[in-house]
Amino acid sequence: MTRPFVVCGPGTGLLFKAGPASRVYTREMEAKMAVRILVGAAWGDEGKGKIVDFLSEQADIVVRFQGGANAGHTVQIGEQEYILHLIPVGILRPDKTCVIGNGTVIDPEALMEEIEMLGSHGIDVEGRLFISHNAHLIMPYHKLIDRVGEEQRQEEERIGTTGRGIGPAYADKAARKGIRIVDLHDHGVLKEKLQRNIEEANRILDAIYQAEAFDADRIIEEYLAFARQIGPYVINTSEYLNDAIDDGKEILFEGSQGTLLDVDHGTYPYVTSSNTTTGAACMGAGVGPTRIDEVIGVAKAYTTRVGNGPFPTEFPSRWGDEFRRMAGEFGATTGRPRRCGWFDAMVVRYAVMVNGIDSLALARLDTLDSLQTLRLCVGYRLNGDVIPHLPNDANVLARCEPVYEEMEGWDRPTGHIRTWSELPVKARAYIERVAELVKTDVKIISVGSHRDATIFL
Ligand code: IMO
Ligand code: MG
């Protein structure tokens, strides 16, 4: 029997663009297209940008649901390299719509810079970029507190943050004093909240960090200008996305950072300040878990980490420096050298578990082309015993010694290969062993930064 039901369109406000009006649906209209979540399976920089770009060809809407401009998602299209920090990678395809969900923290300055950067390449975001009215704003004092906080810690206690104000902004959100996109809509509220927060930030900056005070009036002026610029993009993205799912649209959630940087499931305190795992996609976009069809994890064929914290399979420094140069492993957001190491099946298997990963995309296989011997971490030794699971307590993980299995390298270029059968036998053996160790199918293999340098199984 066909039962009609009503779904309301996004809320509207003075500054905010009107969404579609209320519509009547029939259950038959809920034709199922896939809703997929893509997450990083290690410490970030797994090559998510390239894989999201590849998968977004089929998607209608690409959604960021957590983090902020700490992310650096790199996509190579022809000769042009794009690095996106805040706007979903789907924006690079002209027929896609992109959403920045409520779980993110938005630095309006970074957002406007990114919109401008895209504009300079002829990519127009108007009408296909939507921002949640419930997302929190990063303020100039968040960025300063993030930076001076790091500077004033002892070297060994530093997290190695990106300095983008992420931690302090999420702290304000949890403390219920954050300023949200919706507050830009009411100048009175914005002024009142800003004044209160700036006074407090100035007291902290002066007393603890002896840093210069912020001028409240200047920030208010700046943010009122941002309000006018951002206004046209703001809607109720949760309603928009749920409507789209009802309409049978194909949706791709673009995770940023990685599982081991999750504030709950990562190597705390050496983590970012948001949940980066799949549950966060529901929370950070206002979409229920029953609407998700598939979870894809992305891991590199080896491992990297930027910032501090335990990293059991990290290469010894001289070899690490050489590998980093060969692999070009430098941060897309901060330019910092990335720490490099062997593939760690303990880490990725853990990511498979906490995210419910259905299949894996293995990135940068070609980077291993010239190595004679490869190592895979298959377990950890702790206090003399081999342990079956990854301990996510940073202090315990720091004491774990990797147990390696060695495999012969394929010692041939793979960058030109586009099918599984063309891959060298030893490369296939390596991928099959990875899949076996992490108990998940590998469905996508990336052999280069270009869109077409992808093997889809
Ligand atoms: P994508 O999306 C790699 C790391 C920082 C630091 C820690 C906390 O490109 O994979 P934060 O500024 O978030 O408070 O820093 O998290 N980090 C990342 N590492 N890739 C990222 O994003 C990262 N975003 C944050 O280096 O160790
Ligand atoms: Mg990155």
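As the structure lists them, so they are numbered: ligands from 1, and atoms in each ligand from 1.
- Gln257 counts as a contact of ligand 1, since one of its heavy atoms falls under 4.0 Å from the ligand.
- Of all protein heavy atoms, the one lying nearest to atom 3 (C) of ligand 1 is Asp45 OD2, 3.1 Å.
- Considering backbone and side-chain N/O of His73, one or more are found under 3.5 Å from N/O of ligand 1.
- Ligand 1 has no nitrogen or oxygen under 3.5 angstrom from a nitrogen or oxygen of Ala71.
- At a cut-off of 2.8 Å, Gly72 coordinates the Mg ion (ligand 2) through an N, O or S atom.
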Exercise for the section: Would you please test His73 and Ile83 for side-chain contact (heavy atoms from CB on, under 4.5 Å) and show each step? Expected result: CA-CA 5 Å; His73 296 171; Ile83 299 174; over 6 Å; no
Practice task
Evaluate the side-chain contact (heavy atoms from CB on, under 4.5 Å) criterion for residues Ile230 and Met112: first the C-alpha distance (whole Å), next the side-chain angles of each, then the deciding distance (0.1 Å), finally the verdict.
Solution key: CA-CA 8 Å; Ile230 292 175; Met112 295 323 297; 4.2 Å; yes
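- The shortest N or O to N or O distance between Gly72 and ligand 1 is below 3.5 Å.
- At least one heavy atom of Trp43 sits under 4.0 Å from some atom of ligand 1.
- Ion pair Glu314/Arg339 flagged as a salt bridge, since at least one NZ, NE, NH1 or NH2 atom sits closer than 4.0 Å to an Asp/Glu carboxylate oxygen.
- The shortest N or O to N or O distance between Gly163 and ligand 1 is not below 3.5 Å.
- Annotation: atom 13 (O) of ligand 1 to nearest protein heavy atom, Thr272 OG1, 2.6 Å.
- Considering backbone and side-chain N/O atoms, Glu46 never comes within less than 3.5 Å of an N/O atom of ligand 1.
- Between Arg336 and Glu329 there is no salt bridge, since no side-chain nitrogen of the basic residue lies less than 4.0 Å from a carboxylate oxygen of the acidic one.
- Protein heavy atom nearest atom 12 (O) of ligand 1, with residue, atom name and distance: Thr162 OG1, 2.6 Å.
- Residues Arg164 and Asp107 are not paired through a salt bridge, judged by the lack of any N-O separation under 4.0 Å between the basic side chain and the carboxylate.
- Between the Mg ion (ligand 2) and the N, O or S atoms of Asp45, the shortest distance is to OD1.
- Between Arg153 and Glu150 there is a salt bridge, with a side-chain nitrogen of the basic residue lying less than 4.0 Å from a carboxylate oxygen of the acidic one.
- Checked by distance only, ligand 1 and Ser256 stay at 3.5 Å or farther apart across all their nitrogen or oxygen atoms.
- Only the side chain of Leu261 comes within 4.0 Å of ligand 1, judged by heavy-atom distances.
- Salt bridge status for Lys177 with Glu200: present, with a side-chain N to carboxylate O gap under 4.0 Å.
- For the pair Asp183 (side chain) and Arg180 (backbone), a donor-acceptor distance under 3.5 Å is present.
- A heavy-atom separation below 4.0 Å is not found between Thr334 and ligand 1.
- From the protein, the heavy atom lying nearest to atom 15 (O) of ligand 1 is Thr161 CA, 3.3 Å.
- A salt bridge between Lys300 and Asp45 is absent, with no side-chain N of the basic residue lying under 4.0 Å from a carboxylate O of the acidic one.
- Among protein heavy atoms, atom 6 (C) of ligand 1 sits closest to Gly160 O, 3.1 Å.
- Taking the side chain as every heavy atom from C-beta outward, Thr97 and Asp60 never approach each other to under 4.5 Å.
- Within the structure, ligand 1 has Lys48 among the residues with a heavy atom less than 4.0 angstrom away.
- Shortest contact from atom 26 (O) of ligand 1 to any protein heavy atom: Arg336 NH2, 2.9 Å.
- With a 4.0 Å cut-off on non-hydrogen atoms, Arg164 does not touch ligand 1 at all.
- Checked against a 3.5 angstrom limit, the closest N/O atoms of Asn70 and ligand 1 fall inside it.
- Counting only distance, with no hydrogens or angles, the side chain of Thr259 and the backbone of Gly40 share a donor-acceptor pair below 3.5 Å.
- Within the 4.0 Å heavy-atom shell around ligand 1 one does not find Ser273.
- Residues Tyr82 and Met117 form a side-chain contact, since some pair of their non-hydrogen atoms from C-beta on lies under 4.5 Å apart.
- Ligand 1 has no atom lying under 4.0 Å from any heavy atom of Arg305.
- Not a single heavy atom of Gly40 sits less than 4.0 Å from an atom of ligand 1.
- Taking a cutoff of 4.0 Å between a charged side-chain nitrogen and a carboxylate oxygen, Glu222 and Arg218 qualify as a salt bridge.
- The pair Lys96-Glu57 does not count as a salt bridge, with every side-chain nitrogen at least 4.0 angstrom from each carboxylate oxygen.
- Ion pairing of Arg196 with Glu199 is absent here, as no side-chain N (NZ or NE/NH1/NH2) approaches a carboxylate O to less than 4.0 Å.
- Closest to atom 27 (O) of ligand 1 among all protein heavy atoms lies Val306 O, 3.2 Å.
- Protein heavy atom at the shortest distance from atom 8 (C) of ligand 1 is Val271 O, 3.3 Å.
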